[in-house]
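Encoded as structure tokens, the structure appears first; notes follow it.
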Amino acid sequence: MKYMKLGTKPDTFYTEEAVRSVLSDVPADLIIHVNNTKYQLHKLKFCSHSENADTEGTGCHPYYQFPLLLKCGLLQRLCSDDDGVDGVDAAPVPVALHDIPGGEEAFELCAKFCYGISINIGAGNFVAAALAARFLRMTEAVAKGNLVAKLDSFFDSCILQGWKDPIAALTAAWRISGWSESRIVQPCVDAIVEKILTPPSKVTWSYTYTRPGYAKKAHQSVPKDWWTEDVSELDIDVFRSLLSTVRAARLLPPPLIGEALHVYACKHLPDPLNHAAAAATANGQSSELETAAAKQRRVLETIVTMIPGDAGAVTGRFLLRLLRVASYVGASPSTRAQLVRQAGAQLDEARAVDLLVPMPSSSDPPAYDVGAAEAVLEHFLALFQRPAPPDERRRMSAAMEKVARTFDEYLRAVALHADFPVGKFVDLAECLPDIARNDHDGLYHAIDTYLKEHPELSKADKKRLCRMIDCRKLSPDVRAQAISNDLMPLRTIVQLLFVEQERAMGGGGASGSNSAVAPDAIAMLAARKEKEDEPPAPAADHKSDVHRPRGDHGERARADGAAMTRSLSASTTKTAGAAAPRTAESRGSRMRNK
């Protein structure tokens, strides 16, 4: 950034008992109040004889100058009733300047300029100094070489010619006066837009670019989104005006506009999934929380209105991030509905963690708004069911496979919550149609996780969960894991064993190794059934006849296990018989006829 130095004298302002004064032998004759600060300054300044020539023709006393009144038209008018020299010994004149733009800092810059004290003007303090100088009427009509003219020249020749300078000046102008100071705001906006539309190959100024891994590489060219981080410092209203002007030029592609929105959102909208940020927010006062939520809500709703409608302008993951923020800060229903529609159209780009939408008053571990994820999935399925050309249909089919895998991973994540109801889990798992899942490995892992995290489930609830698993859609490894899973209901394991036997017999002569699994699994199943059906052990002081039903019950359990074994063996024999070639049977029949 560039700076302008004015004045040559050392700084002689000092503070004593909450009063700002200037080190001088001449007593202060002017008291100026600016907000909570009191200044004791001088209308008059003692001049040496060598300086007397400079005062000729100014109407000043031969030995005095008017350092503030000489430069400030406003103070000349406010102090016009005072006769100057004859009032040297009079009481100091009080003046209130509470409404001066920029406050105490801006006024002190102008006062130091009048005293000839050295000051540095840059983009950060230029706006405050310029507004205060105009307020005090420090123009050329009051004195030649006055502060307003010098600041205007610096603004045109230095600030508007840089990149970060107009952004800093625009930020300061908006903070002090909003859109009212159009003499500063609009030229800065125009200068920034002009540089954004400059081809990257012609960018020669410094900019901020902190993408992960970018600094470690040797870059020969300027990235296309070089400007996005610097403009994210602006207020959301200024940012919207700036980006609207850039889009109106139609020189930048929609994905570049979307990247600017993404960078701005990441800077001003913390992700609710970040537990550290959420905890820090939760520790604040309620009024501060409401103020922060209102600001984030305004930023979010403005960003959503600026998202380009072009396909691929923003990513599905970014849309789901905005949906999480919308749920957390209580955005309007129209904003959330728009995000659901757009995120549903790009759901195949998401990951399971993107679908996790924490509730605003979340506990630890956090509770998730499954309704939001369900709404996004329903919109995607609605698009999938629409008639489409063959190319689009193939794309949607591939997208459906990705969505099914992602959604099963999402089910596994929500299953970790101890308070998640089994009915809601089943409804959520059944949102995907049967044709969506080419395999049920992901669904099995999600159900297995739920069973592990909810050991208190009844047999009926376990059967309700496992009824959703199609045993024929499990891979061999997952099927073998499920057979040995003690959390699976017996009915499900029996179905898995039948499928295993069918697969083994379907392999013909190569099924020997697979069929060896069945007897061990059947024995394990029979032993498990006997263990589950065994009644609780009686007390030690019970009579011996109490144990008699237990032996009968054990015999029945062993009989049931044997019956199950015979059933599976019969199924194996039947399958093997059905697999025999029909040609041999017909050949034997012809020989008997002979």
Side-chain angles (χ1 to χ4, degrees), residues 211 224-225 228 243 247 252-266 269 271-273 299-329 331-358 368-414 428 431-433 435-438 442:
R211 300 298 194 278
K224 294 180 179 180
D225 58 341
T228 54
L243 210 59
R247 292 182 64 181
L252 300 183
L256 196 51
I257 302 297
E259 178 62 15
L261 295 174
H262 178 258
V263 171
Y264 194 94
C266 290
L269 298 175
D271 194 339
L273 285 178
V299 171
L300 170 74
E301 294 177 351
T302 303
I303 287 178
V304 172
T305 61
M306 292 192 293
I307 296 177
D310 307 79
V314 293
T315 64
R317 299 193 63 192
F318 174 57
L319 292 168
L320 288 170
R321 176 192 174 116
L322 294 181
L323 183 59
R324 287 196 298 274
V325 176
S327 177
Y328 199 79
V329 302
S332 63
S334 59
T335 299
R336 282 182 284 184
Q338 181 177 346
L339 288 172
V340 166
R341 289 194 302 270
Q342 292 178 309
Q346 299 176 241
L347 185 55
D348 56 307
E349 301 174 6
R351 297 188 304 183
V353 68
D354 300 321
L355 291 171
L356 297 175
V357 181
Y368 299 112
D369 181 9
V370 296
E374 190 173 356
V376 173
L377 178 63
E378 288 177 355
H379 186 77
F380 172 81
L381 295 176
L383 295 177
F384 180 79
Q385 294 171 358
R386 292 180 181 179
D391 292 343
E392 179 65 15
R393 176 55 56 189
R394 285 191 293 270
R395 189 193 71 81
M396 288 298 294
S397 297
M400 176 64 82
E401 295 181 11
K402 295 180 181 178
V403 169
R405 289 194 296 269
T406 300
F407 203 74
D408 285 341
E409 292 177 11
Y410 167 74
L411 288 174
R412 194 174 183 180
V414 298
L428 200 60
C431 287
L432 277 177
I435 61 173
R437 294 184 173 98
N438 292 334

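- In this structure, CZ on Arg336 lies 13.5 Å from CG on Leu322, to the nearest 0.5 angstrom.
- Counting only N and O atoms by type, the side chains of Ser332 and Thr335 include a donor and acceptor under 3.5 Å apart.
- In this structure, the side chains of Ile303 and Leu269 come closer than 4.5 Å at one or more pairs of heavy atoms.
- Using a 4.5 Å heavy-atom threshold, the side chains of Val299 and Tyr264 count as touching.
- At distances below 3.5 Å, not a single donor-acceptor pair connects side-chain atoms of Arg437 with backbone N or O atoms of Glu401.
- Of all non-hydrogen atoms in Leu356 and Leu273, the two that sit nearest each other are O-CD2, 3.8 Å.
- Atom CD in Gln385 sits 9.5 Å away from atom CE in Met396 (nearest 0.5 Å).
- Rounding to the nearest 0.5 Å gives a distance of 13.5 Å between NZ of Lys402 and CE of Met400.
- No side-chain heavy atom of Val357 sits under 4.5 Å from any side-chain heavy atom of Tyr368.
- Side chain of Arg324 to backbone of Asp354: a donor-acceptor contact under 3.5 angstrom is found.
- Ala404 and Ala436 make their closest contact through CB-O, 3.4 Å (heavy atoms, listed as atom of the first residue, atom of the second, distance).
- Remark: Arg351 fails to qualify as a cation-pi partner of Tyr410 under the 6.0 Å distance and 45° angle criteria applied to the six-membered ring.
- Taken to the nearest 0.5 Å, the CG atom of Leu252 stands 10.0 Å off from the NZ atom of Lys224.
- Residue Phe318 comes nearest to Ala265 through the heavy atom pair CE1-CB, 3.7 Å, listed as atom of the first residue, atom of the second, then distance.
- Residues Leu347 and His379 fail the side-chain proximity criterion, which asks for heavy atoms closer than 4.5 Å.
- The shortest heavy-atom contact between Asp271 and Arg321 is N-NH2, 3.8 Å.
- With contacts defined as side-chain heavy-atom distances shorter than 4.5 Å, the pair Val340/Leu319 does not qualify.
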### Task
For Arg211 and Thr228, run side chain to side chain contact (heavy atoms under 4.5 Å, CB included): C-alpha distance rounded to whole Å, both residues' side-chain angles, the deciding distance at 0.1 Å, then the answer.
CA-CA 11 Å; Arg211 300 298 194 278; Thr228 54; 3.0 Å; yes
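- Within the 4.5 Å cutoff, side-chain heavy atoms of Val325 are placed close to those of Val329.
- Rounding to the nearest 0.5 Å places CG of Leu381 at 12.0 Å from CZ of Arg386.
- Using a 4.5 Å cut-off on side-chain heavy atoms (C-beta onward), Arg393 and Phe384 make contact.
- In terms of heavy-atom proximity, Leu377 sits nearest to Leu432 at CD1-CD2, 3.9 Å.
- Taking every heavy atom of both residues into account, Leu383 and Ala345 meet most closely at CD1-CA, 3.6 Å.
- A heavy-atom distance below 4.5 Å is not found between the side chains of Pro358 and Asp369.
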### Task
Applying salt bridge (Lys or Arg N to Asp or Glu O under 4.0 Å), run through Arg412 and Glu409 and close with a yes or a no.
CA-CA 5 Å; Arg412 194 174 183 180; Glu409 292 177 11; over 6 Å; no
### Message
Between Val314 and His262, is the side chain to side chain contact (heavy atoms under 4.5 Å, CB included) condition met? List the steps.
### Response
CA-CA 8 Å; Val314 293; His262 178 258; over 6 Å; no
